[in-house]
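A quick write-up on the structure given underneath.
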Amino acid sequence: MSLKQQITEDMKAAMRAGDTRRRDAIRLLQAAIKQREVDERKELDDAAVVAVIEKMLKQRRDSIVQYEAAHRQDLADAEKYEMEVLQSYMPQALSDTEVECVVAEAISTAGAKGQQDMGRVMALLKPRLSGRADMSKVSALVKTRLAVV
């Protein structure tokens, strides 16, 4: 079963169960997927759906920071719940040590000698780690590793 089909089935289950919060969060996800399909005029595969979910998760993180700064805990809690729902569709996350191993391998594969090679290293890492690790943390790790090299 594809990820889109799983999302649709979860939507139906949430509707049957009367879980309006979950239903609404899944509807937001389905709307974002549909919008991207219309924009690109093609059916999204699982990797593209994961990219949509990643973007939505990043938006939720940013919103939570803003809401908490404005002392709107009610809105921050709603965003956190949506993040939980979205996170359930993401692939299994890699541990920090696994990410470090993949980064070290990519640096050696790219033959990176310094900061100027960061783009090549990130280009190797993006397809391997997308959806399985926070790419901003990966970028910071690559930057520190290349500063040492």
Side-chain angles (χ1 to χ4, degrees), residues 1-14 21-70 72 75-149:
M1 179 181 308
S2 75
L3 192 52
K4 277 179 46 178
Q5 291 170 332
Q6 179 65 44
I7 292 167
T8 302
E9 291 303 314
D10 289 350
M11 165 70 101
K12 291 176 186 175
R21 287 180 69 197
R22 184 167 179 80
R23 179 201 66 203
D24 292 346
I26 295 173
R27 276 190 181 155
L28 286 172
L29 174 57
Q30 285 182 318
I33 292 169
K34 189 68 170 169
Q35 182 64 48
R36 180 130 176 238
E37 286 180 339
V38 168
D39 290 347
E40 295 181 5
R41 292 187 178 97
K42 68 176 185 175
E43 186 87 13
L44 296 183
D45 61 353
D46 283 353
V49 171
V50 167
V52 170
I53 296 170
E54 279 182 326
K55 182 177 180 182
M56 291 181 73
L57 284 169
K58 184 178 186 318
Q59 290 170 339
R60 299 299 175 281
R61 277 192 221 84
D62 294 343
S63 296
I64 289 169
V65 169
Q66 295 293 323
Y67 289 144
E68 288 177 346
R72 291 296 310 263
L75 296 175
D77 291 341
E79 295 289 321
K80 287 176 184 175
Y81 179 77
E82 288 177 13
M83 273 186 70
E84 289 175 22
V85 173
L86 293 172
Q87 197 67 48
S88 69
Y89 297 110
M90 294 296 286
Q92 182 65 39
L94 294 175
S95 69
D96 290 342
T97 55
E98 290 173 317
V99 171
E100 288 175 14
C101 289
V102 173
V103 167
E105 180 184 321
I107 289 173
S108 65
T109 301
K113 301 291 184 224
Q115 294 286 355
Q116 69 273 12
D117 297 323
M118 185 162 175
R120 284 192 305 174
V121 174
M122 290 304 292
L124 291 172
L125 291 172
K126 182 103 172 120
R128 293 181 66 187
L129 297 179
S130 185
R132 301 180 70 203
D134 183 356
M135 292 308 287
S136 61
K137 290 180 183 176
V138 171
S139 176
L141 178 63
V142 169
K143 192 175 284 188
T144 57
R145 287 281 178 93
L146 288 178
V148 175
V149 171

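It should be emphasised that the depicted structure is a prediction, and the values quoted were computed from it without experimental measurement. Residues: numbered from 1 along the sequence shown.
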4.5 Å side-chain heavy-atom contact, Ile64 and Met83: yes
Side-chain donor-acceptor distances from residues 43-51 under 3.5 Å, at least two apart:
residue : atom : partner : partner atom : Å
Glu43   : OE2  : Lys4    : NZ           : 2.5
Asp45   : OD1  : Ala48   : N            : 3.0
Asp46   : OD1  : Leu3    : N            : 2.9

Check: Gln35/Asp39 side-chain N/O donor and acceptor closer than 3.5 Å: yes
Under the side-chain hydrogen bond (donor to acceptor under 3.5 Å, both in side chains) test, residues paired with Asp134 that sit two or more places apart: Ser136
Non-neighbouring partners of Arg23 that pass side-chain contact (heavy atoms from CB on, under 4.5 Å), sequence neighbours left out: Met11, Ala14, Met15, Thr20, Arg27
Residue pair Arg22 / Ser88: nearest heavy atoms and the distance that separates them: NH2-OG, 4.3 Å
Between CD1 on residue Ile33 and CD1 on residue Ile53, distance to nearest 0.5 Å: 6.0 Å
Residue pair Arg145 / Glu100, side-chain heavy-atom distance below 4.5 Å: yes
Smallest separation among heavy atoms of Gly111 and Asp117, with atom names: O-OD2, 4.2 Å
Interatomic spacing from CZ in Arg132 to CE in Met90 - rounded to 0.5 Å: 10.5 Å
Closest non-hydrogen atom pair between Leu141 and Thr144, with its separation: O-OG1, 2.8 Å
Separation between CG of Leu124 and CD of Glu105, rounded to the nearest 0.5 Å: 9.5 Å
Check ion pair Lys80-Glu68 (N to O, under 4.0 angstrom): yes
Beyond-backbone contact of Val52 with Tyr89, side-chain heavy atoms, under 4.5 angstrom: no
Euclidean distance, Ile7 CD1 relative to Lys12 NZ, rounded to 0.5 Å: 13.0 Å
Spacing of Lys58 atom NZ and Ser63 atom OG [to the nearest 0.5 Å]: 10.0 Å
Interatomic distance, Arg60 atom CZ to Glu84 atom CD [nearest 0.5 angstrom]: 13.0 Å
Under 3.5 Å: donor-acceptor pair, side chain of Ser139, backbone of Met135: no
